[in-house]
Amino acid sequence: MTSWNLAFVWLLDPANWAGPGGIPARVGEHLLYTIVTLVIAAVIAVPIGLAIGHTGKGRALAVQLSGVLRALPTLGVLLLLALLLGLGFGPALIVMVVLALPPLLAGAYAGVDAVDRETIDAAKSIGMTGWQVLVKVELPLALPIIIGGVRSACLQVIATWTVAAYLPLGGLGRFIYDGLAVQNYAEMLGASVLVILLALIADGIFAVVQRLVVPRGVVVGRASDVRVRSSKRLATTSQSTTAG
Amino acid sequence: MNWLVENAGQIWELTLVHAALSAVPIVVGFVLAIPVGWLANRYHASRGTVLAIVGLLYAIPSLPLFIALPSLLGTRILDPVNIEVALSLYALAIMVRTASDAFASVDVDILLSATAVGFSTWRRFWYVELPLAGPVLLSGIRVVSVSTISLLSVGSVIGVTSLGYFFIDGFQRDFPLEILVGIIGTVVIAVVFDLVLAAVGRLLLPWTSRAVGRQRGRAAERTQLAGAA
């Protein structure tokens, strides 16, 4: 347990809280990297995901691409691109954006896909155009699942930027690698605690947002008593409980 | 090209190490997740709690977990056990959710019929629930397999040997081919594991090969949503 004591000593040492290499600055960098990645990835993935969900086309391709992307080892791709395109933020950002695409894409199309067919038919029958159905019906109903996609992308991006500090880049991973280089386990552990806290806080915030964006009048599919429900109803409702 | 020939032995060796180190967490996660997922699904109150805990587990970033585990387990930081435990926890996190969905997907009427013809809870589990949950469980373990194999290489930044060694070494020597070999090796292991799992699935669940259930696709997508840490 002494390693934990030392980690907390490191965390509480005022010297580690000051300057451009201090804890607040590194947390800021980590957040900035994460937000930039998520915004770019969401701008690319969410419209495509919505289009897939709305038209029902390209779904198989999206699922397969996500599978392929998942199989690629992040660290390898990151270091390969750094060698080919140069060190620094840019090449790493490309890798991060690509990695964030699958969960965002999946959230968007699964969200639209989970909307009840009858609701969409009803919207069409009162004269809504395809565009109106998408924006006024599918999007609001899909929003909790779309945010769920952002939530898992965010966790993945926070985790991977930590690893990417190897390049070398800033962010909280910097402490981990700097500590590793000089065998300072307290620094590594302290920084790990910070990254874990950051991830859990982000996860919590998205969990709250997911609840807030549920349109009024819609009960989020909580499997209240799974044993008496029929499997088909459950298959549709349990999707909305999926998060991160 | 010379590098490939000269290092063929090491490439093969690290590929085997990587495959072995990934296989353990996949199996451990799967085996532990079945009872946990079943229990989570069995009782009204437990499902939300278990899924919430599992969700938190999954939110923990991998590298910090690799670093924090030695101080919790009393192991040395270079010990592969840390990585194995961390990856097993992630496998468990994905699998418990899938297992819970898998058992929920079994039609309640079928379970009631099994009870009515005299199955005990224990036999009903082995002969009715588990086989019927099989397709969804299979889709879950396939996702776990791919993400475990790719996550394992992260351990190489703190010095745990796997194909990830080629990433670090290739980067330090400014030698893209070496990194590429590591990436291809990782993907090949993932594909081989996936083919094996699919084959085992066809053997154990012969009725699914003809009509691939809609449920499986759904469950696969739901697990997709879970992303990778």
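Computation of the quantities below employed the complete heavy-atom set of this structure, encompassing side-chain atoms and omitting hydrogens, waters and symmetry-equivalent molecules. Just so we're on the same page: letters track the sequence lines, and every chain starts at 1.
Looking at A:S192 and B:L63, their side chains never come closer than 4.5 Å, going by heavy atoms from C-beta outward. A 4.5 Å side-chain heavy-atom check between B:I168 and A:L75 finds at least one atom pair inside the cut-off. Inter-residue side-chain proximity for A:L78 and B:F167 is flagged as unmet; no heavy-atom pair is nearer than 4.5 Å. By the 4.5 Å heavy-atom criterion applied to side chains, B:F175 and A:L83 are not counted as neighbours. Residues A:L180 and B:I158 are in side-chain contact: their nearest non-hydrogen atoms beyond the backbone lie under 4.5 Å apart. Residues B:P64 and A:V193 are not in side-chain contact: their nearest non-hydrogen atoms beyond the backbone lie 4.5 Å or more apart. Looking at heavy atoms from C-beta onward, B:Y58 lies out of side-chain contact with A:D203 at the 4.5 angstrom threshold.
For chain A, no part of B:I149 is nearby; none of its heavy atoms comes within less than 4.5 Å. Heavy atoms of A:L87 lying under 4.5 Å from chain B belong exclusively to its side chain. The part of A:I176 that comes within reach of chain B is its side chain, from C-beta onward, which places non-hydrogen atoms under 4.5 angstrom from that chain. For A:L72, the parts sitting under 4.5 Å from any heavy atom of chain B are the backbone and the side chain alike. In this structure, the portion of B:S156 lying under 4.5 Å from any heavy atom of chain A is its side chain and not its backbone. For A:L104, no part lies under 4.5 angstrom from a heavy atom of chain B.
When the candidates B:G159, B:A93, B:S153, B:P176 are compared by the number of heavy-atom contacts under 4.5 Å with chain A, B:P176 comes out ahead. Counting heavy-atom pairs under 4.5 Å between each of A:L197, A:L99, A:I196 and chain B puts A:I196 at the top. Comparing B:V146, B:I184, B:I183, B:L65 by how many heavy-atom pairs each has under 4.5 Å with chain A, the most go to B:I183. Ranked by heavy-atom pairs shorter than 4.5 Å toward chain A, the options B:G74, B:P70, B:G48 are led by B:P70. By number of non-hydrogen pairs under 4.5 angstrom with chain A, the leading residue of B:V154, B:V187, B:D174 is B:D174.
Heavy-atom minimum distance, A:W4 versus B:A68: CZ2-O, 4.2 Å. Heavy-atom minimum distance, A:A82 versus B:F171: CB-CE1, 4.0 Å. Nearest heavy-atom pair, B:S147 versus A:R70, reported as atom, atom and distance to 0.1 Å: CB-CD, 4.2 Å. Taking every heavy atom of both residues into account, B:S150 and A:A71 meet most closely at CB-O, 3.6 Å. Contact detail for B:P61 and A:V195: the closest heavy-atom pair is CG-CG1, 3.6 Å.
Atoms CZ and OH, on B:R76 and A:Y185 in that order, are 12.5 Å from each other to the nearest 0.5 Å. For the atom pair A:T160 OG1 and B:L151 CG, the distance stands at 8.5 Å (nearest 0.5 Å).
Tested against B:I179 for a side chain to side chain contact (heavy atoms under 4.5 Å, CB included), the candidates A:L84, A:L79, A:V77, A:L81 yield a single pass: A:L79.
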